[in-house]
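Scope of the values below: all heavy atoms of this structure, side chains included, with no hydrogens, waters or symmetry mates. Throughout, a chain's letter reflects where its sequence line sits, starting with A, and its residues are numbered from 1.
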Protein chains: 2
Amino acid sequence: MGKSESRRTRLQAIMHRLSGGETLRAEDLASEFGVSQRSIYRDMDTLKANGMPIVATQGQGYRAAAVITLPPLHLSEQELEALHLGLLAVAASADETLQVAAQSVSEKLDAALPTDALMSDQALSPYPFQQSSAALRHLATVRSAIKSRQRLRVALMSGTRQDIRPLKLDFWGRAWIVSGYGEQAQGFVSLPVDALESATVLPGLFVAEDGKDLHAMHNAPITSLR
Amino acid sequence: MGKSESRRTRLQAIMHRLSGGETLRAEDLASEFGVSQRSIYRDMDTLKANGMPIVATQGQGYRAAAVITLPPLHLSEQELEALHLGLLAVAASADETLQVAAQSVSEKLDAALPTDALMSDQALSPYPFQQSSAALRHLATVRSAIKSRQRLRVALMSGTRQDIRPLKLDFWGRAWIVSGYGEQAQGFVSLPVDALESATVLPGLFVAEDGKDLHAMHNAPITSLR
DNA sequence: GCAATACTGACACTGGATTGTCAGTTATAG
DNA sequence: CTATAACTGACAATCCAGTGTCAGTATTGC
């Protein structure tokens with residue numbers, strides 16, 4: 001019944017068809033697209049392998065939850081950062097359904113990002129892979145502290161503790177790195193947000209002091225804490 | 001010099017290579033991947049057609065900005081909604097660079113979404129396609145009005161004017177629909193945010209009145225304004 | 001202008017992807 | 001238990017995306 005098209009097209013069409021919520025049998029789909037059942041089975045394999053939520057029941061047919069498929073997106077580093085930030089925002093507020101959805105997207109995104117994406121090139125040694133839950137917990141705190149110019153008392157999972165004047169938050173492919181002036185370290189430090197055990201905003205604002213501000217940081221060595 | 005791989009692999013590799021910021025000539029790439037220059041030209045066509053930011057200069061070679069490519073993502077409706085919401089949040093706040101980035105992602109996302117994606121099924125007749133710029137302009141206003149329980153004076157592009165008690169903001173595939181109690185209409189109304197000419201938050205809070213609240217709305221007919 | 005390099009169109013060839021056929025096995029609803 | 005369909009493996013046939021070659025044209029920096 002269908003025109004001869006590339007396989008991709010058919011895969012899309014199958015999902016479109018199943019998105020209606022209907023239960024369809026391989027035989028139905030086969031005749032609808034003018035191919036053999038065997039091809040449909042192969043298609044289903046492919047679709048499942050690509051993460052489509054297809055449920056097959058022997059004796060019944062195929063069902064699938066409605067999905068929206070986005071084509072490959074090409075983003076700049078900043079665009080990716082905006083995406084991550086936005087998802088964090090939604091995950092932090094809004095209603096529960098959206099929280100769950102946002103977190104789920106974050107995970108998909110995380111999984112999709114090649115491990116080496118950017119990240120490299122610069123100093124900032126590669127941190128052990130950490131899942132986003134931790135980042136979700138502290139990132140907002142860190143950002144607001146930077147914005148409001150308040151000191152931050154942080155504890156890393158490794159046990160390290162430090163009070164810092166947070167100056168900058170960078171996104172390195174997978175990991176968020178906060179950098180600033182470390183009071184105890186008496187120098188500039190940087191640390192991965194997702195390795196934070198706790199982060200507390202200390203009361204009172206700090207003022208930019210010569211040698212402890214953003215400009216100085218760019219011309220000074222930075223210690224990577226862990 | 002390269003092993004024989006599928007074309008996809010080579011396209012990725014080319015981008016990876018160009019992401020270094022280097023300027024490369026078709027001849028270089030051709031010999032590096034062990035294919036003819038003609039193939040490289042075709043590859044460039046494909047890459048450009050897929051939205052890669054490649055700049056070709058005759059007599060010089062190719063340059064490209066660094067990009068991160070996401071594979072096709074399969075999202076539920078709610079996940080897509082979370083994504084949109086998050087981007088709106090970023091576009092509304094944060095620093096200017098991120099605003100721009102967020103808006104840019106929104107546009108890419110919008111462009112990528114099939115026109116018919118979901119949307120259907122429910123009442124709410126199909127609105128004329130509108131671009132996101134308008135939605136971006138008023139959505140934050142609408143959301144904050146809902147949250148702060150303030151009346152909203154809206155003017156639609158069609159000329160319709162109405163003061164509403166905004167109660168709910170829904171996302172229908174492409175369009176944001178705000179619904180609430182329309183003062184002039186003396187009943188519940190819904191309208192597409194991207195068809196708003198203007199939206200002004202009126203001073204003073206409104207209190208939930210029986211028959212004019214969210215619960216009542218779910219059990220009452222809703223007029224679709226345009 | 002000159003050199004360099006990007007680009008375009010045409011055409012035939014090749015190999016991996018896609019397919020159909022056949023002959024089975026497995027899981028589920030009722 | 002039975003009917004129904006989902007699945008699997010193998011293999012030959014076929015198709016078409018990807019390719020190289022050749023012969024040009026179009027831009028750009030100097």
Using whole Å, report how far [atom1] of [X] lies from [atom2] of [N].
X	N	atom1	atom2	result
A:Leu24	D:dT4	CG	P	19 Å
B:Leu29	C:dC7	CG	C1'	15 Å
A:Glu27	D:dA6	CD	C1'	12 Å
A:Arg63	D:dA6	CZ	C1'	16 Å
B:Leu11	D:dT19	CG	C1'	14 Å
B:Arg8	D:dT19	CZ	P	12 Å
B:Leu47	D:dG18	CG	P	12 Å

B:Asp43 vs A:Tyr62, nearer the 5' end of DNA chain D by closest nucleotide: A:Tyr62

Rounded (10°) bend between the five-pair end axes of the helix from C:dG1-D:dC30 to C:dG30-D:dC1: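 It works out to 80° between the end axes.
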
Heavy-atom pair with the smallest gap, counting every atom of B:Leu87 and B:Ala102: O-CB, 3.7 Å

Review item, nucleotides 26-30 of chain C N/O atoms under 3.5 Å of protein N/O:
from   : atom 1 : to      : atom 2 : distance (Å)
C:dT26 : O2     : A:Gln58 : OE1    : 3.0
C:dA27 : O4'    : A:Gln58 : NE2    : 2.5

Between CD on residue A:Gln12 and OG on residue A:Ser19, distance to nearest 0.5 Å: 11.5 Å

A:Asn50: partners by side-chain contact (heavy atoms from CB on, under 4.5 Å), with sequence neighbours left out: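 With neighbours one apart ignored, the set is A:Thr46, B:His74.
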
Counterpart residues, side-chain contact (heavy atoms from CB on, under 4.5 Å), relative to B:Thr57 (two or more places apart):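 side-chain contact (heavy atoms from CB on, under 4.5 Å) list for B:Thr57, sorted by chain: B:Val55, B:Gln60.
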
May I ask you to evaluate whether [X] reaches the phosphate of [N], defined as a side-chain N or O under 4.0 Å from OP1 or OP2?
X	N	result
B:Arg25	C:dA6	no
A:Arg7	C:dT19	yes
B:Lys48	C:dA6	no

Contacting residues from residues 35-42 of chain A, given that a heavy atom lies under 4.0 angstrom of DNA chain D: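 When residues 35-42 of chain A is checked for heavy atoms under 4.0 Å from DNA chain D, the hits, listed by number, are A:Arg38, A:Tyr41.
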
Are [X] and [Y] side-chain neighbours, meaning at least one heavy-atom pair lies under 4.5 Å?
X	Y	answer
A:Lys108	B:Leu75	yes
A:Leu73	B:Leu109	yes
A:Met52	A:Thr69	yes
A:Glu79	A:Leu83	no

Expected output: side-chain A:Ser104 to main-chain A:Val100 donor-acceptor under 3.5 Å: no

Check: B:Arg63 side chain, B:Gly21 main-chain N or O, donor-acceptor pair, under 3.5 Å: yes

Non-neighbouring partners of B:Arg17 that pass side chain to side chain donor-acceptor pair (under 3.5 Å), sequence neighbours left out: B:Glu22, B:Glu32

